[in-house]
Amino acid sequence: ARSILVRDTNKSVAVAVIKSGKVTDSEAAHYAGNKSVCDDVIREIARNKEFMRKYSVQVALANNPKAPAGVVMRLLGVMSKKDLQMIQRNRGVSSAIRTAAKKLYAKKYSGG
């Protein structure tokens, strides 16, 4: 039922689903990676500290074009080598995020 309600056109209903304490970490990762959910749901997941402790949620947010750029920029520092490569190749995210991922990858793994 939550997966249906989170895609509701009424933003307040979708955000209420995320704010309820019933959403698990795996569900939050699924919603964070879903490009069809509204922006407010993505922002609410990014605000929730419990969800943001999970690496799967962080990767899903980083690959979602609706995720706030400021949040994604902070997350790039903790991404693994494989995930940084995936983000720099993802045409769905903004060019600023792709460029930042490319620079961070070069700094961390290419020695410069």
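FYI, side chains are in, hydrogens and waters are out, and symmetry mates aren't considered; it's all heavy atoms of this structure.
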- request: Would you mind reporting whether D39 and P68 have side-chain heavy atoms less than 4.5 Å apart?
  value: no

query: What heavy-atom pair brings A101 and L76 nearest, and what distance separates the two atoms?
result: N-CD1, 3.8 Å

message: Quick check: closest heavy atoms across I42 and A67, and the distance to 0.1 Å?
response: CG2-CA, 3.6 Å

- prompt: Can you tell me how far NE2 of H30 sits from CD1 of I45, rounded to the nearest 0.5 angstrom?
  reply: 10.0 Å

message: Pair E27, S3 - check side chain to side chain contact (heavy atoms under 4.5 Å, CB included), show working.
response: CA-CA 8 Å; E27 285 177 323; S3 62; over 6 Å; no

field: Gap separating the CD1 atom of I18 from the CG atom of D40, nearest 0.5 angstrom
entry: 11.0 Å

message: Y31 vs V23, test: side chain to side chain contact (heavy atoms under 4.5 Å, CB included). Steps then yes/no.
response: CA-CA 10 Å; Y31 301 149; V23 177; 4.1 Å; yes

- prompt: Measuring from K102:NZ to R89:CZ, what's the distance to the nearest 0.5 Å?
  reply: 10.0 Å

task: Kindly give the heavy-atom pair with the smallest separation between M73 and A100, and that separation in Å.
output: SD-CB, 3.6 Å

- request: For atom NZ of K54, decide whether the heavy atoms of other residues, nucleotides or ligands shown that lie under 6.0 angstrom number more than 12.
  value: no

- prompt: What's the spacing between Q58 CD and L75 CG if we round to 0.5 Å?
  reply: 5.0 Å

statement: For S80 and Y109 the tightest heavy-atom approach is C-OH, 4.1 Å

- request: Working to the nearest 0.5 Å, report the span between CE of M79 and NZ of K108.
  value: 9.5 Å

- prompt: Are Y105 and Q88 close enough, and set up right, to give a side-chain hydrogen bond (donor to acceptor under 3.5 Å, both in side chains), and what steps lead you there?
  reply: CA-CA 9 Å; Y105 181 83; Q88 53 182 317; 5.8 Å; no

task: Would you name the heavy atoms of A14 and C38 that are closest together and state the gap between them?
output: CB-SG, 4.3 Å

field: V78 with V59, same ILVMFWY side-chain cluster at under 4.5 Å
entry: no

task: Any chance you could measure D25, atom CG, to R53, atom CZ, to the nearest 0.5 Å?
output: 10.0 Å

task: Identify the two heavy atoms, one from S56 and one from A29, that lie closest to each other, and give their separation to 0.1 Å.
output: OG-CB, 3.8 Å

task: Apply the test side chain to side chain contact (heavy atoms under 4.5 Å, CB included) to residues M52 and V71: give CA-CA distance (whole Å), side-chain angles for both, the deciding distance (0.1 Å), then the verdict.
output: CA-CA 10 Å; M52 292 304 290; V71 172; 4.3 Å; yes

- prompt: Looking only at atom types and distance, does a side-chain atom of K66 sit under 3.5 Å from a main-chain N or O of K35, one as donor and one as acceptor?
  reply: yes

